Enquirer: 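Pasting in a structure now, in structure tokens, and then I'll have a few things to ask.
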Amino acid sequence: MKYILSPSILAADFTELGRQIQATETGGAEYLHFDVMDGVFVPSISFGMPVLASIKNATKQVMDAHLMITEPIRYVEEFVKAGANIVTVHYEACEDVKATIRKIHECGAKAGISICPDTPADVLKDLLEEVEMILVMTVHPGFGGQKLIPETLEKVAEIRQMLDDAGLQRDIQVDGGIYTNNVEMALKAGANVIVAGSAVFKGSPLQNTKEFMEILKRYE
Ligand SMILES: O=C(CO)[C@@H](O)[C@H](O)COP(=O)(O)O
Ligand SMILES: [Fe+2]
């Protein structure tokens with residue numbers, strides 16, 4: 001299995017965004033996590049397509065778009081056009097999850113499905129085969145800089161078991177409150193795509209990325 005770091009630019013210094021992104025690429029982060037918030041599905045508002053389109057030109061990293069928006073099917077095409085390679089939508093935000101996943105694939109991107117901390121893993125049973133990635137939120141979506149909720153890692157283990165039982169190889173992403181001092185709990189539970197915002201962008205993004213990559217390499 002491949003272990004990947006996906007730095008969340010929500011925590012970046014936007015006056016230095018290009019340089020900070022480059023630092024994470026140099027440090028070995030293959031993905032870049034792009035948190036889209038609509039002020040409806042989550043209380044906060046972040047950024048959208050034009051910002052993604054601009055960033056796309058600044059790096060070769062895979063654009064990992066996390067859509068925290070109501071009825072994301074409405075915007076899938078625009079985010080893919082703006083440069084998203086992976087589009088992750090929330091189970092809780094879709095009226096028709098399967099149609100949303102189909103739409104992502106039709107637009108030419110990989111599909112991820114995400115569940116919030118209070119959503120049980122078994123809602124995903126019929127969806128595991130349809131997606132390339134499952135995102136288990138380790139905090140309540142909406143803000144960076146929160147503390148990881150340890151119980152969410154039990155769902156990571158449960159989903160990895162469900163995938164193994166079904167003979168499916170899929171990425172499991174974790175997002176929220178991940179630092180170098182707790183990332184191994186997520187890796188041991190079965191996650192292989194790690195989102196980190198504050199832990200990467202506060203301080204030196206290059207050094208922080210390298211420290212994460214050292215740990216991830218041990219799990220390859
Ligand atoms: O989706 C979200 C929050 O809703 C995340 O991607 C955060 O942006 C991660 O930030 P940290 O918890 O790592 O600071
Ligand atoms: Fe996110």
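Each ligand, and each atom within it, is numbered from 1 in the order the structure gives. In this text the structure is predicted, and so the values were computed from the model without any measurement.
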Enquirer: Any donor and acceptor pair, going by atom type alone, linking the side chain of E71 with main-chain N or O of E95 inside 3.5 Å?
Expert: yes
Enquirer: Purely on distance, is any nitrogen or oxygen of P141 under 3.5 Å from one on ligand 1?
Expert: no
Enquirer: Report yes or no: does N182 contribute a side-chain atom to a donor-acceptor pair with the main-chain N or O of G177 at less than 3.5 Å?
Expert: yes
Enquirer: Can you tell me which residue and heavy atom of the protein come closest to atom 4 (O) of ligand 1, and the distance to 0.1 Å?
Expert: G142 N, 2.8 Å
Enquirer: Got the closest protein heavy atom to atom 12 (O) of ligand 1, with its distance?
Expert: G177 N, 2.8 Å
Enquirer: Can you tell me how far the CE atom of M213 sits from the OG1 atom of T180, to the nearest 0.5 Å?
Expert: 13.5 Å
Enquirer: Begin with the C-alpha distance, continue with both residues' side-chain angles, and end with the deciding distance and a verdict on side-chain contact (heavy atoms from CB on, under 4.5 Å) for I45 and D38.
Expert: CA-CA 5 Å; I45 294 177; D38 68 351; over 6 Å; no
Enquirer: Does any N or O of ligand 1 fall below 3.5 Å from an N or O anywhere on H140, backbone included?
Expert: no
Enquirer: Let me check something: do F79 and V76 share a hydrophobic cluster, defined by ILVMFWY side-chain heavy atoms less than 4.5 Å apart, either directly or through other members?
Expert: yes
Enquirer: From atom 10 (O) of ligand 1, work out which of A196, S46, G144, S114 has a heavy atom at the shortest distance.
Expert: G144
Enquirer: Using only N, O or S atoms, tell me which atom of D35 is closest to the Fe ion (ligand 2).
Expert: OD1
Enquirer: State the atom name: nearest N, O or S atom of D175 to the Fe ion (ligand 2).
Expert: OD2
Enquirer: List every atom of ligand 1 that sits less than 4.0 Å from any heavy atom of M37, numbering the atoms from 1 in the order shown and giving each element.
Expert: 4 (O)
Enquirer: Just jot down the ligand 1 atoms closer than 4.0 angstrom to any heavy atom of H66, in number order.
Expert: 1 (O)
Enquirer: In terms of residue, atom name and distance, what is the protein heavy atom nearest to atom 11 (P) of ligand 1?
Expert: G145 N, 3.7 Å
Enquirer: Quick check: does V195 get an N/O under 3.5 Å from an N/O on ligand 1?
Expert: no
Enquirer: Taking N192 for the side chain and D171 for the main chain, is one N or O donor matched with an acceptor at less than 3.5 Å?
Expert: no
Enquirer: Is the backbone of T119 close enough, under 3.5 Å, to the side chain of K155 for a donor and an acceptor to pair up by distance?
Expert: yes
Enquirer: Students should be able to answer this: which protein heavy-atom is nearest to atom 5 (C) of ligand 1, and at what distance?
Expert: D175 OD1, 2.9 Å
Enquirer: Working to the nearest 0.5 angstrom, can you tell me the gap between Y75 OH and L67 CG?
Expert: 11.0 Å
Enquirer: Tell me if a side-chain donor or acceptor on Q146 pairs with a main-chain N or O of G176 at a distance below 3.5 Å.
Expert: no
Enquirer: Counting only nitrogen or oxygen atoms and a 3.5 angstrom limit, does G197 reach ligand 1?
Expert: yes
Enquirer: Can you sort out which atoms of ligand 1 are near L10, meaning under 4.0 Å from one of its heavy atoms?
Expert: 8 (O)
Enquirer: Sort out for me which residue in F34, F201, F47 forms a side-chain contact (heavy atoms from CB on, under 4.5 Å) with L10.
Expert: F47
Enquirer: Give, for atom CG of L124 and atom CD1 of I115, the distance between the pair rounded to the nearest 0.5 Å.
Expert: 4.5 Å
Enquirer: Can you sort out which atoms of ligand 1 are near M68, meaning under 4.0 Å from one of its heavy atoms?
Expert: 1 (O), 4 (O)
Enquirer: Considering only the protein, which heavy-atom contact is closest to atom 3 (C) of ligand 1, and what is its distance?
Expert: F143 O, 3.4 Å
Enquirer: Under a 4.0 angstrom heavy-atom cut-off, which atoms of ligand 1 come close to H33?
Expert: 6 (O)
Enquirer: Could you tell me whether the side chain of Q173 reaches within less than 4.5 Å of the side chain of D64, counting heavy atoms only?
Expert: yes
Enquirer: Only heavy atoms of S198, strictly under 4.0 Å: list the atoms of ligand 1 that pass.
Expert: 11 (P), 13 (O), 14 (O)
Enquirer: Which ligand 1 atoms does D35 reach within 4.0 Å, using its non-hydrogen atoms?
Expert: 1 (O), 2 (C), 5 (C), 6 (O), 7 (C), 8 (O)
Enquirer: Under 3.5 Å, side chain of R160 to main-chain N/O of A191, donor-acceptor pair present?
Expert: no
Enquirer: Restricting to N, O or S atoms of H66, which is nearest to the Fe ion (ligand 2)?
Expert: ND1
Enquirer: Give the numbers and elements of all ligand 1 atoms closer than 4.0 Å to a heavy atom of G176.
Expert: 12 (O)
